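Note that this is a predicted model, so its numbers are computed, not measured.
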Amino acid sequence: MGQFYSSPETSLQLRDHQQWPPGSQVGALSSSPLVLPSTDEGLLNFVDFTFPLPDECLASIFRFLNSGDRKSCSLVCKRWFQVEGESRHRLSLNAQDEILPFLPSLFARFDSVKKLSLRCNRKISRINDDALILVSIRCRSLTRIKLSGRFQLTDMGIATFASNCKTLKKFSCSSCALGAKSINALLKNSSTLEELSLKGLRGVIAGTEPIVPGVAAASLKSILLKDLVDGLSLTPLIMGSKNLKALKIIRCQGNWDELFQFFGHGNAMASLIEVHIERIQVSDCGVSAISNCLNLEILHLIKVWDCSNFGLASIAEHCKRLRKLHIDGWRINRIGDEGLIAIAKQCLDLQELVLIGVNPTCLSLSLLASNCVNLERLALCGSRVGDEEIACIAAKCKSLKKLCIKGCPISNIGIESLAWGCPNLAKIKVKKCRGVTGEIKEWLVEKRTSLSVNWDVEEIDHLDASSSDAGSGQEVAVPETRLVETGGEAPVVGDRWLTILKTTLSGLSGRSLMACTFGRWPNSPNGSSSRSI
């Protein structure tokens, strides 16, 4: 038998996914309590004290275990094997061979799956309509599905899948050959769909039938478009989603001013709370149009080279509720003190500010500290921020709890000022700052014993704020398929050479700086998350 992996939160490797044959004995496997004979020393017999526990309690205990421990528990006895399978709500399959013959026995064991990830080779398809329809029949409580790879799916298969999964809330598709008809078939049959993610689609969208939200118009809350050559053809879908709260557009071709110019007309996009635009063609006119979303709270402007202080000032003037602002200025100095001062004067509820390749001075930092009294998280990366600016932050940012400094020309003098300022500072990260030595870390820890310090001042690498493709779970394999466990998503590559070129270039840009800035920091006490996208 081949190996078989599954994952509620992490991976699990099993030797066999079949149910134990009736009356069979596999080593010490049995459904009765485990009783070991007493030793010569007269020790008492060992008894399985979990036997009186209900299956629900045993399943709750399993949820606290890691992958290896859950695997070991499933091999203790038939009861534990069954309970472990029935309590698993998250499954990930990586098919390098034909998967359909193994699905019935697979879902006979894992019959409570709510989150499913299907991945296959991007060159050879292993999953077709029959497999996807069978999944929809056996997983009636499915709420999230992620498809990645070259699938042999038709419009009818997608429609049947969507009609069977009445509780589907999230649909994610990466590198699949889905066209306009398939996307419309999904939207016409998914009345509960809340999140839609389309990445690097191989199908042709533009020039065919328009894509509209269908029955998902009222339920759709989040749309992610990534690495699409003809992503602008999805404009009717975006504008037709009445309750859309989050819109993310990453590395898509076209002039996106054409979309954003509709924002604010006839109360369009009034519900939008979060906007993430990255490496797309948007001018100050487009960014100014985004400011018509008066309820905007989270804004990411990542390597939008045509955006300047003028666009940022327009955001500040209209979006008074802004709480999180991430800017990667790409070191072209189009965004600086002028835009940040506008933010400081207008966005008084700002809690998190990430500046990458942006060069603030004491003037803008002082205003931010004075006016934005709730500013708790600040990151300065790849900027010309020196000891003077750090001293300004230490003296005036009274509410600051988390500070990240990466790739900035600071020295030990700037770090010393943090020992006496920022009274609420709980965590600090100093990364790749050549002027800072290890000795100052020990001194800072000694002066502020309650401060959590993350220090790395030796290696220097490229700074990049592009979004990361790291996956949320590991792979699950099927017997006889020679499936392997992998971490993260497969590279998203389109059929057209422009998408291939952009994806290749973006892959050379290095690690995600956003992820390392606030990604591992827990939520703040007031419940606001500091996790970057």
Taking the side chain as every heavy atom from C-beta outward, state whether [X] and [Y] have any atom pair closer than 4.5 Å.
X: Leu153; Y: Leu132; value: yes
X: Ile250; Y: Leu224; value: yes
X: Trp80; Y: Ser74; value: no
X: Glu278; Y: Arg251; value: yes
X: Leu142; Y: Phe161; value: yes
X: Leu187; Y: Ile211; value: yes
X: Gln253; Y: Gln281; value: no
X: Phe102; Y: Leu93; value: no

Please check this pair: side chain of [X] against backbone of [Y], looking for a donor-acceptor N/O pair closer than 3.5 Å.
X: Asn184; Y: Lys181; value: no
X: Ser191; Y: Ala216; value: no
X: Asp155; Y: Ser182; value: yes
X: Asp129; Y: Thr154; value: yes

Practice item. Taking only Lys NZ, Arg NE, NH1 and NH2, and the carboxylate oxygens of Asp or Glu, determine whether Asp227 and Lys199 approach each other closer than 4.0 Å. Key: no
Review point. Does Glu297 come within less than 4.0 Å of Arg323, counting only side-chain N to carboxylate O?
Key: yes
State the [atom1]-[atom2] distance between [X] and [Y], to the nearest 0.5 angstrom.
X: Ile61; Y: Leu53; atom1: CD1; atom2: CG; value: 5.5 Å
X: Gln82; Y: Asp111; atom1: CD; atom2: CG; value: 8.5 Å
X: Leu322; Y: Ile315; atom1: CG; atom2: CD1; value: 7.5 Å
X: Leu247; Y: Ile290; atom1: CG; atom2: CD1; value: 8.0 Å
X: Arg79; Y: Leu58; atom1: CZ; atom2: CG; value: 5.0 Å
X: Asn128; Y: Leu100; atom1: CG; atom2: CG; value: 6.5 Å

For [X] versus [Y], what's the shortest heavy-atom pair and its separation?
X: Leu272; Y: Ala246; result: CD1-N, 3.9 Å
X: Leu134; Y: Pro104; result: CD2-CD, 4.0 Å
X: Leu244; Y: Ile238; result: CD2-CG2, 4.1 Å
X: Ser241; Y: Met269; result: O-CE, 3.9 Å
X: Cys165; Y: Cys139; result: SG-O, 4.5 Å
X: Asn243; Y: Ser271; result: C-OG, 3.3 Å

Report yes or no: do [X] and [Y] form a side-chain donor-acceptor pair below 3.5 Å?
X: Ser283; Y: Asp257; value: yes
X: Asn189; Y: Ser163; value: no
X: Lys245; Y: Asn295; value: no

Exercise for review: Classify the ring geometry between His276 and His300 as parallel (under 30°), tilted (30 to 60°) or perpendicular (over 60°).
Suggested key: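 It falls in the parallel class, under 30°.
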Review point. Do Phe260 and Phe263 make the cut of ring centroids closer than 6.0 angstrom?
Key: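 Phe260 vs Phe263: aromatic centres under 6.0 Å.
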Exercise for review: Output, in order, the C-alpha distance, side-chain angles, deciding distance and verdict of side-chain contact (heavy atoms from CB on, under 4.5 Å) for Lys166 and Arg140.
Suggested key: CA-CA 8 Å; Lys166 301 295 185 182; Arg140 291 291 185 175; over 6 Å; no
Exercise for review: Please assess Ile302 against Ile277 for the test side-chain contact (heavy atoms from CB on, under 4.5 Å), listing each intermediate value before the final yes or no.
Suggested key: CA-CA 6 Å; Ile302 310 301; Ile277 54 177; over 6 Å; no
**Study point:** Identified salt bridge (Lys or Arg N to Asp or Glu O under 4.0 Å) counterpart of Glu195 within the set Lys169, Lys221, Arg144
**Key:** Arg144
**Study point:** Face-on cation placement of Arg138 at Phe110 ring, 6.0 Å and 45° thresholds
**Key:**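 No, cation not above the ring by the 6.0 Å, 45° rule.
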Check your understanding: Which residue, Asn164, Val113, Leu116, forms the side chain to side chain contact (heavy atoms under 4.5 Å, CB included) with Val135?
Key ->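 Only one of Asn164, Val113, Leu116 forms a side chain to side chain contact (heavy atoms under 4.5 Å, CB included) with Val135, namely Leu116.
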Review point. Given Trp256 and Leu232, is the side-chain contact (heavy atoms from CB on, under 4.5 Å) satisfied, shown in steps?
Key: CA-CA 7 Å; Trp256 287 89; Leu232 277 172; 3.5 Å; yes
Point to revise | Worked verdict on Leu118 versus Ser148 for side-chain contact (heavy atoms from CB on, under 4.5 Å) | key: CA-CA 6 Å; Leu118 294 177; Ser148 179; over 6 Å; no
